[in-house]
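As the structure lists them, so they are numbered: ligands from 1, and atoms in each ligand from 1.
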Amino acid sequence: MGKQLALISFFGAVTLLLPLLCLAQGETDDAPATYIVHVSPFHKPASSPTHLHWYASTLRSLPHRPAAHLLYDYSRATSGFSARLTSGQAAALLRLPFVLAVLPDRRRQLHTTRSPAFLRLSTSSGLWPLSSFASDVVVGVLDTGIYPSRASFVDDSLPPPPSSWRGSCDAGDGFNASFCNRKLIGARFFYKGYEAARGPMNETSESKSPLDTEGHGTHTASTAAGSTVAEAGFFQYARGEARGMATKARIAAYKICWKSGCYDSDILAAMDAAIADGVNVISLSVGSGGFSPAFYRDSIAIGAFGAARHGVVVSCSAGNSGPGPRTAANIAPWILTVGASTIDRQFPVDVILGNGSTYVGVSLYSGDPLDSTYLSLVYAGDYGSRLCIPGLLNSTMVAGKIVLCERGGNARVEKGSAVKLAGGAGMILSNDAGSGEELVADSHLVPATMVTHTSGEQIKDYIKSQASPTATFVFRGTVIGDSPAAPKVAAFSSRGPNYRAPLILKPDVIAPGVNILAAWTGKNSPTDLDIDPRRVDFNIISGTSMSCPHVSGIAALLRGAYPEWSPAAIKSALMTTAYNTDNAGEPIKDLATGAESTPFVRGAGHVDPNRALNPGLVYDATTDDYLAFLCAINYSPEQIAVFTKYEISVNCSDAALATPGDLNYPAFAAIFSSSSDVITYKRRVRNVGASAAVYEAKITSPPGVDVTVTPSKLEFDAAGESLSYEIKIASLADAAASGGQAFGSISWSDGTHEENELQFPAKEELYGIRSAVESMLSDMESLPNCDGSESSLALDLKQ
Ligand SMILES: *[C@@H]1O[C@H](CO)[C@@H](O)[C@H](O)[C@H]1NC(C)=O
Ligand SMILES: *[C@@H]1O[C@H](CO)[C@@H](O)[C@H](O)[C@H]1NC(C)=O
Ligand SMILES: *[C@@H]1O[C@H](CO)[C@@H](O)[C@H](O)[C@H]1NC(C)=O
Ligand SMILES: *[C@@H]1O[C@H](CO)[C@@H](O)[C@H](O)[C@H]1NC(C)=O
Ligand SMILES: *[C@@H]1O[C@H](CO)[C@@H](O)[C@H](O)[C@H]1NC(C)=O
């Protein structure tokens with residue numbers, strides 16, 4: 001590989017650098033806002049006994065001293081602090097030689113069970129028993145907190161927490177320290193950034209404690225590491241035994257999300273605490289909505305880098321902004337980025353029209369059924385509100401009828417409640433074109449079902465063409481089976497190419513994220529609607545927020561099986577053993593189009609936990625490799641210093657990878673700039689099999705592209721040995737003019753470890769993408785708040 005990072009004295013480098021300042025939105029000099037201040041810790045003067053003293057005295061030295069107020073100090077996920085500052089004070093901080101960046105705080109959103117069986121996890125063989133169910137592993141779930149009294153968090157006969165555990169169980173409103181046990185070993189809450197931005201929280205409607213009053217955090221924590229619960233289900237649906245992925249792993253809940261969002265300053269504080277407490281895996285179903293910010297301005301990317309340096313796996317949701325291209329969030333190469341797909345369980349409803357046609361939808365409606373008689377059917381767009389916004393439907397016209405509403409604009413369950421409030425008898429919710437064939441089940445308050453876009457258009461035609469259209473529903477309960485085939489990628493699942501680093505394929509993998517059953521809070525209804533009086537132990541919801549904790553739990557199992565593996569090795573094992581065919585033996589489909597998904601949609605494929613236990617070869621990477629990658633994407637020394645804090649200094653003229661595509665990543669992407677382009681990447685693989693082995697490459701070249709690997713045979717003399725190879729990706733002249741994208745794969749096989757498949761989207765909009773990306777970047781960065789997208793949390797998918 002020959003790429004080495006130069007270690008140079010940080011003192012020498014500091015004075016050369018210009019730090020970054022972005023103004024918070026709407027900032028004026030006299031209105032304080034929260035800023036995150038990244039600091040090189042080595043400049044602490046001897047006169048300050050601690051970093052905290054140093055930060056406090058730094059703030060005291062600023063002009064207009066009373067306004068500056070310290071919220072948090074950070075020492076592991078990053079180094080520095082967050083504080084309330086005026087823009088004048090922020091600018092003054094930047095003049096200090098040890099300040100690396102001053103970034104405005106940003107708001108994020110939150111992005112069975114059947115899934116263990118669908119993932120083929122078994123108590124008698126494979127990853128579960130071989131990892132001891134991850135009993136020594138701690139999963140930190142950064143989310144809306146936890147509702148501790150659920151059966152998923154019972155500590156049935158677990159031994160004491162691992163001796164490395166240093167966390168705490170913090171009491172607060174509605175949450176006592178005694179609520180923690182040997183399953184839920186830590187519970188903390190971080191609200192200073194939230195209150196600084198929004199004012200004091202309303203303690204009647206939310207709890208200033210680790211208590212989950214929303215439901216999302218209880219759901220994700222129980223998915224990652226919930227104990228076995230014998231009689232679970234949501235009303236009559238999905239009944240049976242529920243289990244998390246890592247049934248014996250310990251949960252540490254870090255509440256970072258509040259009623260009106262999750263703030264970067266709080267997220268960083270929780271990551272900092274989680275690293276110090278000794279978590280092994282951070283599960284973060286949170287991120288920006290829309291296009292991802294640059295890594296050096298993305299607090300989750302910065303904190304995740306700090307976590308990776310400490311050996312912590314960071315698993316994140318890709319976001320629910322699909323199906324448009326480049327929508328994936330949390331796309332730094334050191335993050336495990338998870339998209340959402342279906343499992344082989346449906347909650348079907350037949351919609352039978354008066355003319356005899358039947359369309360299959362899905363629903364979790366659990367109240368009284370419709371009269372079996374056919375009811376009048378109307379289109380909401382004819383009576384005030386195509387989207388069924390509460391208060392806009394004409395109740396004279398919809399009372400007693402089934403109403404066809406369209407998806408988008410407001411929450412799906414809110415459309416059902418709008419129909420109910422207007423006196424409607426039932427609802428058909430039709431997908432818009434973007435959500436296509438995706439069917440997301442909801443526990444509506446009226447008899448209701450979602451149907452595909454195609455079905456919805458035909459039902460609309462039927463309504464238009466009939467003098468007195470009618471319809472009825474037949475609820476068919478829970479159906480497990482191969483039809484429709486699974487997995488399929490959800491239309492909402494955010495997609496690649498990677499908006500910030502197109503040569504790093506994202507998302508990494510897909511995992512179950514549609515109609516997932518897991519534990520729920522007793523403090524909120526399953527629909528999150530105030531008019532819904534129901535309280536449930538388990539709920540069924542959808543989103544990449546649900547797929548992320550599946551992979552976090554599986555990563556915990558791998559950590560349990562291989563305590564010495566790095567986060568990159570765990571990710572590599574998950575990616576190279578992922579599969580790409582559904583249970584009908586066909587390529588995994590994309591629900592947005594109904595067509596075959598591509599690696600930009602499904603990443604390396606669907607996780608296969610048992611195979612990940614035995615990947616044969618792994619593509620490892622260290623912090624130094626990631627820094628060499630940052631050099632290769634042309635980050636300036638001051639941007640890179642946001643990650644290193646000068647603890648490691650990088651001289652990019654020595655250290656940079658020849659191309660970002662040279663990062664030792666378990667996937668490839670190439671962009672051709674001419675029809676005769678030949679692109680060469682280096683890779684290094686480690687034999688994690690038991691002994692000597694000979695691997696041979698099998699290549700499926702993308703159409704119009706010639707792929708060769710040198711050497712094509714890797715002969716390992718022993719376990720643990722690493723060997724390098726080179727991959728050459730050549731555009732074939734005759735195909736070049738066509739443009740577009742093409743995909744292939746390479747698999748290294750030793751006869752035992754068969755299909756270590758690597759996806760490589762080889763041609764991506766042949767001549768277009770690089771300039772397109774660059775112009776998008778420059779548009780975004782010209783914005784005064786340095787960020788083109790209002791960040792948003794992949795809370796469960798409500799719309
Ligand atoms: C929590 O602690 C408070 C104060 O010690 C006590 O009054 C309350 O009963 C406890 N709640 C539970 C559920 O144990
Ligand atoms: C706080 O929340 C409660 C319950 O939702 C509500 O009744 C009350 O009006 C809120 N108080 C304020 C000051 O907003
Ligand atoms: C509802 O529809 C009826 C019948 O078309 C009409 O008379 C009435 O004005 C409408 N109400 C509203 C609020 O639009
Ligand atoms: C019912 O009406 C829809 C819409 O006009 C049409 O597509 C469908 O073929 C009709 N079904 C029958 C059985 O005629
Ligand atoms: C970085 O390395 C180059 C080449 O080795 C050298 O010329 C340059 O002075 C170094 N820069 C710094 C800041 O040390």
Original post:
Crowded around Asp368 CG? As in, over 12 foreign heavy atoms under 6.0 Å?
Top reply: no
Original post:
Taking atom types as modelled, is there a side-chain donor on Thr218 or Asp212 under 3.5 Å from an acceptor on the other?
Top reply: yes
Subject >> Row check, Tyr72 ring normal vs Lys192 NZ/CZ: under 6.0 Å, within 45° >> reply: yes
Original post:
Which atoms of ligand 5 are found less than 4.0 Å from any heavy atom of Asp654?
Top reply: 2 (O), 4 (C), 5 (O)
**OP:** Report all protein residues having a heavy-atom distance below 4.0 Å to some atom of ligand 3; order the list by chain, then number.
**Re:** Asn394, Met397
Subject >> Per-atom contacts of ligand 1 with Asn176, taking only distances under 4.0 Å to non-hydrogen atoms >> reply: 1 (C), 2 (O), 3 (C), 8 (C), 10 (C), 11 (N), 12 (C), 14 (O)
Original post:
Any idea how Phe189 and Tyr191 line up, ring-wise: parallel (<30°), tilted (30 to 60°), or perpendicular (>60°)?
Top reply: parallel
**OP:** Examine the side chains of Lys645 and Thr78 and answer whether a donor and an acceptor come within less than 3.5 Å of each other.
**Re:** yes
Original post:
Side chain of Lys183, backbone of Thr247: donor and acceptor closer than 3.5 Å?
Top reply: yes
Subject >> Any donor-acceptor N or O pair under 3.5 Å, side chains Glu214, Tyr147 >> reply: no
